[in-house]
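Starting from 1, each residue takes its place in the sequence as its number. Side chains are part of it too, since the values below use all heavy atoms of this structure and drop only hydrogens, waters and symmetry mates. Worth saying up front: this structure is predicted, and the values here are computed from it rather than measured.
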Amino acid sequence: MKIGFLGLGIMGCGMARNLMKAGHEVTVWNRTAAKCTAFAKEGARVGATPREVVAANEVTFAMLADPAAARAVCLGPDGAAAGAAAGHDYVDVSTVDAATAQAVAAAVTATGARFLEAPVSGTKKPAEDGTLIFLTGGDAALYEKVGPLLDVMGKKRVFLGAVGQGARMKLVVNMIMGTMITALGEGIALASKSGLEGAALLDVLAAGAMACPMFAGKGPGILADSFPTAFPLKHQQKDLRLAVALGDELHQPLAVAAAVNEAYKRAIAMGLADADMSAVARAVRG
Ligand code: NAP
């Protein structure tokens, strides 16, 4: 199939490559054009604008940083919606709030094209390995059509209903993730000040009901104060900010998530925006 891919960041690179490996004819575009060079060498076409990519392909995926980026790439004069028409499909896999997903959906569907939101759970390695989890909402027929493409990039997909439900599910999931990693950071700091070995704490956690792949994966980095970026901390703070805003909108108290959001803001102020999200451990260490 002829597929467009907008956004070659940490996640987009792995996802676009998996579509190419599966034999699809992929056209890439990225705001910073230099990131397209490696893809061109690997056989991808390179589009000049999102508009051109959407117009030239049957299905276009977008994997962008945040709501501002998702809106800019879709809604601008050379944006994706300007290239859309009946017969074209647009699948936004960025993590955004429901209002952004709905604004993008409205612009795309007004052209006669179809829209699916499909934010992902998983990080850099699952994006490379094709083991992401897609949280989708929108056009049910499009969900069925792109199912085989999502299966190339992921191991699980769920359809959650109207546009906005995928975004909300993703924000809830990442709110829980941000609070868990911050709690681990605090626990490691407290253990260390108690004269306990951090490795012993991870060992105890791994043996019981709190064992989880994230603690096993990120824990050693926190112990070593080393945070190679898989999920940029600035994006985790964006997700906490959007989750707290969703709580405001729905009058749902989020005392823990709000405190964790403050820890993430502190980490950004400490210069850790582009480090891995687990670098929040440095901000809570005191
Ligand atoms: P990233 O490496 O920071 O890449 C962000 C992408 O967005 C880049 O292609 C960037 O282009 C583009 N972009 C940013 N602002 C833009 C703008 N105003 N106009 C056009 N393009 C713009 O981020 P990532 O880790 O791949 O994450 C992408 C999305 O997936 C985010 O919503 C994130 O929350 C979500 N996500 C990430 C992970 C993860 O573990 N990394 C996991 C699940 C979901 P440039 O190259 O020009 O900067």
Side-chain angles (χ1 to χ4, degrees), residues 1-66 69-70 72-74 76-95 104 108 111 113-134 136 139 142-157 228-232 235:
M1 194 185 295
K2 287 184 75 178
I3 298 174
F5 206 102
L6 310 175
L8 299 173
I10 292 171
M11 299 297 284
C13 280
M15 296 170 76
R17 282 208 170 87
N18 281 332
L19 290 169
M20 290 169 70
K21 277 185 214 152
H24 297 290
E25 202 177 306
V26 175
T27 303
V28 296
W29 173 88
N30 193 65
R31 177 182 62 174
T32 306
K35 288 191 190 167
C36 298
T37 309
F39 283 83
K41 283 187 187 143
E42 291 165 33
R45 294 173 190 209
V46 178
T49 61
R51 174 185 189 148
E52 183 189 300
V53 173
V54 169
N57 289 282
E58 190 176 337
V59 180
T60 297
F61 290 90
M63 186 37 135
L64 303 157
D66 54 20
V73 168
C74 183
D78 277 326
H88 295 268
D89 298 318
Y90 192 65
V91 182
D92 195 335
V93 295
S94 322
T95 303
V104 168
V108 169
T111 69
R114 296 187 297 183
F115 177 80
L116 188 75
E117 63 171 347
V120 301
S121 196
T123 186
K124 183 181 178 192
K125 181 121 192 348
E128 290 167 353
D129 293 348
T131 55
L132 295 168
I133 301 165
F134 287 92
T136 74
D139 191 306
L142 177 54
Y143 173 72
E144 292 306 327
K145 176 185 167 178
V146 299
L149 302 178
L150 303 184
D151 293 343
V152 160
M153 299 182 280
K155 65 177 179 184
K156 183 176 173 71
R157 52 185 160 96
T229 309
F231 181 28
H235 293 337

So, taking the atom named CG in L132 and the one named CE in M15, what distance separates them when rounded to the nearest 0.5 Å?
5.5 Å
Nearest heavy atoms of L6 and L64, plus distance in Å
O-CD2, 4.0 Å
Side chain to side chain contact (heavy atoms under 4.5 Å, CB included) involving A22 - partner list, sequence neighbours excluded:
H24, V152
Under 3.5 Å, which donor-acceptor pairs link side chains of residues 124-131 to any protein atom two or more places apart or in another chain?
{"residue": "K125", "atom": "NZ", "partner": "D129", "partner atom": "OD2", "Å": "2.6"}

Closest non-hydrogen contact found for V108 with Y90 is CG2-CD2, 3.7 Å
Determine whether D89 and L116 make a side-chain contact, defined as any pair of heavy atoms from C-beta on separated by less than 4.5 Å.
no
Residue set satisfying side-chain hydrogen bond (donor to acceptor under 3.5 Å, both in side chains) with D151, at least two apart, ordered chain then number -> R157
Those residues that, when tested against T37, pass side chain to side chain contact (heavy atoms under 4.5 Å, CB included) (two or more places apart):
K41
Not counting sequence neighbours, which residues clear side-chain hydrogen bond (donor to acceptor under 3.5 Å, both in side chains) with R17? List them please.
E42
Kindly indicate whether the side chain of M11, heavy atoms from C-beta on, has any atom under 4.5 Å from the side chain of V120.
yes
Closest non-hydrogen atom pair, G79 against P50
C-CB, 4.0 Å
Using the side-chain hydrogen bond (donor to acceptor under 3.5 Å, both in side chains) rule, collect all pairs that involve residues 57-66, keeping only residues at least two apart or in two chains.
E58-K145
Is any side-chain heavy atom of L19 closer than 4.5 Å to one of M153?
yes
Is F39 close to V26 at the side-chain level, that is, under 4.5 Å between some pair of heavy atoms?
no
For residues 20-32, which residue pairs qualify under salt bridge (charged side-chain N to carboxylate O under 4.0 Å, His left out), counting only residues two or more places apart or in two chains?
E25-R45
Heavy atoms only: give me the nearest G12-F5 pair and the separation to one decimal.
CA-CE2, 3.6 Å
Residues in side chain to side chain contact (heavy atoms under 4.5 Å, CB included) contact with A84, at least two apart in sequence or another chain
V54, T111, A113
What residues, two or more places apart in sequence or in another chain, satisfy ring pair (Phe, Tyr, Trp, His ring centres under 6.0 Å) together with F231?
none
Would F61 and L150 satisfy side chain to side chain contact (heavy atoms under 4.5 Å, CB included), going step by step from the backbone distance to the final call?
CA-CA 10 Å; F61 290 90; L150 303 184; 3.9 Å; yes
Spacing of S121 atom OG and K155 atom NZ [to the nearest 0.5 Å]:
9.0 Å
Using every non-hydrogen atom in the two residues, find where T49 and D78 come nearest and quote the distance to one decimal.
CB-O, 3.8 Å
Give me the atom names and distance for the closest heavy-atom approach of D92 to A62.
OD1-O, 3.2 Å
Side chain proximity check, P232 to I10, heavy atoms < 4.5 angstrom
yes
Partners of C36 by side chain to side chain contact (heavy atoms under 4.5 Å, CB included), sequence neighbours excluded?
L8, V28, N30, V46
